[in-house]
Amino acid sequence: MSEYQHRARKRFGQNFLHDAGVIHRILRAIHAREGEHMLEIGPGQGALTEGLLNSGAQLDVIELDRDLVPILQNQFGHNPRFRLNQGDALKFDFQQLQAAPHSLRVVGNLPYNISTPLIFHLLDNAGLIRDMHFMLQKEVVERLAAEPGGGDWGRLSIMVQYHCRVEHLFNVGPGAFNPPPKVDSAIVRLVPHEVLPHPAKDHRLLERVVREAFNQRRKTLRNTLKALLPAQAIEVAEVDGSLRPEQLDLAAFVRLADQLAAQPSAPTQP
Ligand code: SAM
C-alpha cells in the first residue's frame, strides 16, 4: 500500500480489494506469465497490479481517477514493463496497444456501473484478446454464464456467448473489499472464440433480433418478432414461433438473424 491517502470515490465505483487470500486466488486464476501482454482496467491502488507485474508480464493499465495516478506511478512507475494510461476505458482505443492478434490478456475488478458497456467495447476488439478475467456483480456473472431455459438467459448471455466461452470461476463476498459493496461479486473468465461456433451473416442483425425478442420476454416469438420477421421466415429458421425467447439457444437466434438478413426489407442499421 502506498504512503498517500486515497478516499474511495463512489462515482468511480471504487471498492478496493484488501483480502490477501482473495487477491491471491484471483491472481492464481489469471496465471499471468513472463512475456505476456496484460491489460488491467481500473487498477485502483494496485491490489492486483503488483502480482500481475511480479509475473514478469508486460502490463498496461487504464485508470480514470487522476488522483490515483501519482500513487500508481510511485508504486510501479520504475518498472519498465508497466505503462499507465490515464483515461476512460469505455473510450479507450485498444488498437493503440499494438497487441498481436489473440494475445491481450485483460483483467479488472470492474466498477459495476460500467461493466456491461465495457465488455461490449472489448468485444468489438475481440480479435486482439486472448482472454479476460473480471470481478463483476455476481448476478451479472450468472447472466453471462447462463444457459437457455432459465430466467438469467437473455441479451447479455447471448451476445457475450456469441463471441466467448464463459466460465463462472468463484464468488467473492462483500467483506473482501473496502468499502464493502452492497452486492455479492464473482470472478468470470471470458475466452473469445478464435472461430465463432455460430457465425451470423450480420451480427448487428443478431443484436436486433435478440433485443426485440427479449423486450417482452413473456410473449411468444411470433408476437415479439412480428415487426421484423413474418411467421413463415421464423418457420424457415426452424424455430417454433410459439416459444418464448428464453427457450431458444444461440444457434436458433443466429438462424433467425440470418432469416432477417434474407428479408427484402432487411434493416441495415441495428
Ligand atoms: N483494481 C482495484 C482493486 O481491485 O482494488 C480497484 C477496483 S475498483 C472496483 C474500480 C477501479 O476502476 C477504480 O480504481 C476506479 O477509479 C476505476 N475506474 C472507474 N471507472 C473507470 C473507467 N471508466 N475507466 C477506467 N477506470 C475506471
Side-chain angles (χ1 to χ4, degrees), residues 26 29-33 35-41 57-58 60 89-90 92-108 110 114-137 140-150 152-170 186-211 213-214 237-239 245-262 270:
I26 297 170
I30 298 168
H31 197 60
R33 292 177 212 218
E36 291 179 337
H37 191 169
M38 312 286 304
L39 168 65
E40 185 184 7
I41 297 178
Q58 178 77 37
D60 269 280
L90 288 173
F92 192 78
D93 173 11
F94 298 106
Q95 301 292 335
Q96 80 183 60
L97 298 175
Q98 301 195 319
H102 306 292
S103 72
L104 200 58
R105 304 197 64 206
V106 186
V107 309
L110 297 185
I114 68 157
S115 57
T116 307
L118 183 63
I119 289 173
F120 282 110
H121 182 38
L122 283 159
L123 288 177
D124 286 340
N125 298 273
L128 291 179
I129 298 171
R130 183 172 125 201
D131 60 19
M132 301 179 258
H133 289 82
F134 295 128
M135 172 93 77
L136 302 172
Q137 216 170 312
V140 174
V141 171
E142 284 167 351
R143 279 162 51 207
L144 288 169
E147 291 178 8
D152 287 333
W153 179 246
R155 189 174 159 236
L156 187 64
S157 342
I158 296 169
M159 294 317 299
V160 171
Q161 291 181 26
Y162 178 77
H163 293 284
C164 300
R165 178 165 61 78
V166 180
E167 278 175 76
H168 179 161
L169 295 183
F170 53 89
I187 297 285
V188 69
R189 175 183 291 145
L190 306 176
V191 184
H193 301 298
E194 288 199 24
V195 178
L196 294 178
H198 304 288
K201 290 199 170 94
D202 180 342
H203 86 277
R204 290 168 312 167
L205 295 182
L206 175 65
E207 269 171 39
R208 176 90 190 254
V209 167
V210 170
R211 191 170 348 112
F214 282 96
E238 294 177 24
V239 170
E246 67 192 37
Q247 296 172 282
L248 251 55
D249 63 9
L250 167 62
F253 276 108
V254 170
R255 293 198 301 277
L256 288 171
D258 286 352
Q259 277 305 308
L260 180 55

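All residue numbers in this chain count up from 1 along the given sequence.
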Discussion item. Could you measure the distance from the CG atom of Asp258 to the CG atom of Asp202? Nearest 0.5 Å is fine.
Written reply: 9.0 Å
Worksheet item: Do you know the tightest heavy-atom contact between Leu169 and Ala29?
Response: CD1-CB, 3.9 Å
Worksheet item: Taking all atoms of both residues into account, what is the closest heavy-atom pair of Ala237 and Gln259, and its distance?
Response: CB-CG, 3.7 Å
Worksheet, complete the sentence: Rounding to 0.5 Å, atoms CD (Glu238) and CG (Leu256) come to a distance of 11.0 Å
Worksheet entry | Ion pair Arg105/Asp131, N-O distance below 4.0 Å | yes
Worksheet item: Do Ile119 and Leu144 come within less than 4.5 Å of each other through their side chains, counting heavy atoms only?
Response: yes
Worksheet item: Does Tyr162 use its side chain to pair, donor to acceptor, with the backbone of Ala200 at less than 3.5 Å?
Response: yes
Item to complete: With sequence neighbours left out, write down each residue that passes side chain to side chain donor-acceptor pair (under 3.5 Å) with His37, or none if nothing qualifies.
Response: Asp60
Worksheet item: For Cys164 and Leu123, what are the C-alpha separation, side-chain angles and deciding distance, and is it a side-chain contact (heavy atoms from CB on, under 4.5 Å)?
Response: CA-CA 9 Å; Cys164 300; Leu123 288 177; 3.5 Å; yes
Discussion item. Which residues pass the side chain to side chain donor-acceptor pair (under 3.5 Å) test with Arg189, not counting sequence neighbours?
Written reply: His133, Glu167
Discussion item. Can you tell me how far apart CD1 (Ile158) and CZ (Phe214) are? Round to the nearest 0.5 Å.
Written reply: 4.0 Å
Discussion item. Main chain of His168, side chain of Glu142: is a donor-acceptor contact present, judged purely on distance under 3.5 Å?
Written reply: no
Worksheet entry | Side-chain heavy atoms of Leu156 within contact of Phe120, under 4.5 Å | yes
Worksheet entry | Gap separating the CZ atom of Arg211 from the CG atom of Leu206, nearest 0.5 angstrom | 11.0 Å
Discussion item. Looking only at the aromatic ring of each residue, does the gap between the centers of Phe92 and His121 stay below 6.0 angstrom?
Written reply: no
Discussion item. Between Val106 and Phe134, is there a side-chain heavy-atom distance shorter than 4.5 Å?
Written reply: yes
Discussion item. What I'd like to find out is whether the side chain of Leu128 reaches to under 4.5 Å of the side chain of Leu97, using heavy atoms alone.
Written reply: no
Worksheet item: Do you know the tightest heavy-atom contact between Ala213 and Phe253?
Response: CB-CE2, 3.8 Å
Discussion item. How close do Val210 and Arg155 get, counting heavy atoms only, and between which atoms?
Written reply: CG1-CA, 3.7 Å
Worksheet item: Just how far is it from atom OG of Ser103 to atom CG of Leu39, taken to the nearest 0.5 Å?
Response: 10.5 Å
Worksheet item: Quick check: does any side chain N or O of Glu147 sit under 3.5 Å from a backbone N or O of Trp153, one acting as donor and the other as acceptor?
Response: no
Item to complete: Dump the intermediate steps for side-chain contact (heavy atoms from CB on, under 4.5 Å) on Leu260 and Lys201, then the final yes or no.
Response: CA-CA 10 Å; Leu260 180 55; Lys201 290 199 170 94; over 6 Å; no
Fill in: Minimum heavy-atom distance between Ala32 and Met38, given as atom pair plus value
CB-SD, 3.8 Å
Discussion item. Rounded at 0.5 Å granularity, tell me how far NE2 in His163 sits from CG in Leu122.
Written reply: 11.5 Å
Worksheet item: Under 6.0 Å from the CD atom of Gln96, do we count more than 12 heavy atoms belonging to anything else shown?
Response: yes
Fill in: Taking every non-hydrogen atom, the tightest pair across Met132 and Pro192
CE-CG, 4.2 Å
Discussion item. For Glu194, give me all partners under side chain to side chain contact (heavy atoms under 4.5 Å, CB included), at least two apart in sequence or on another chain.
Written reply: His102
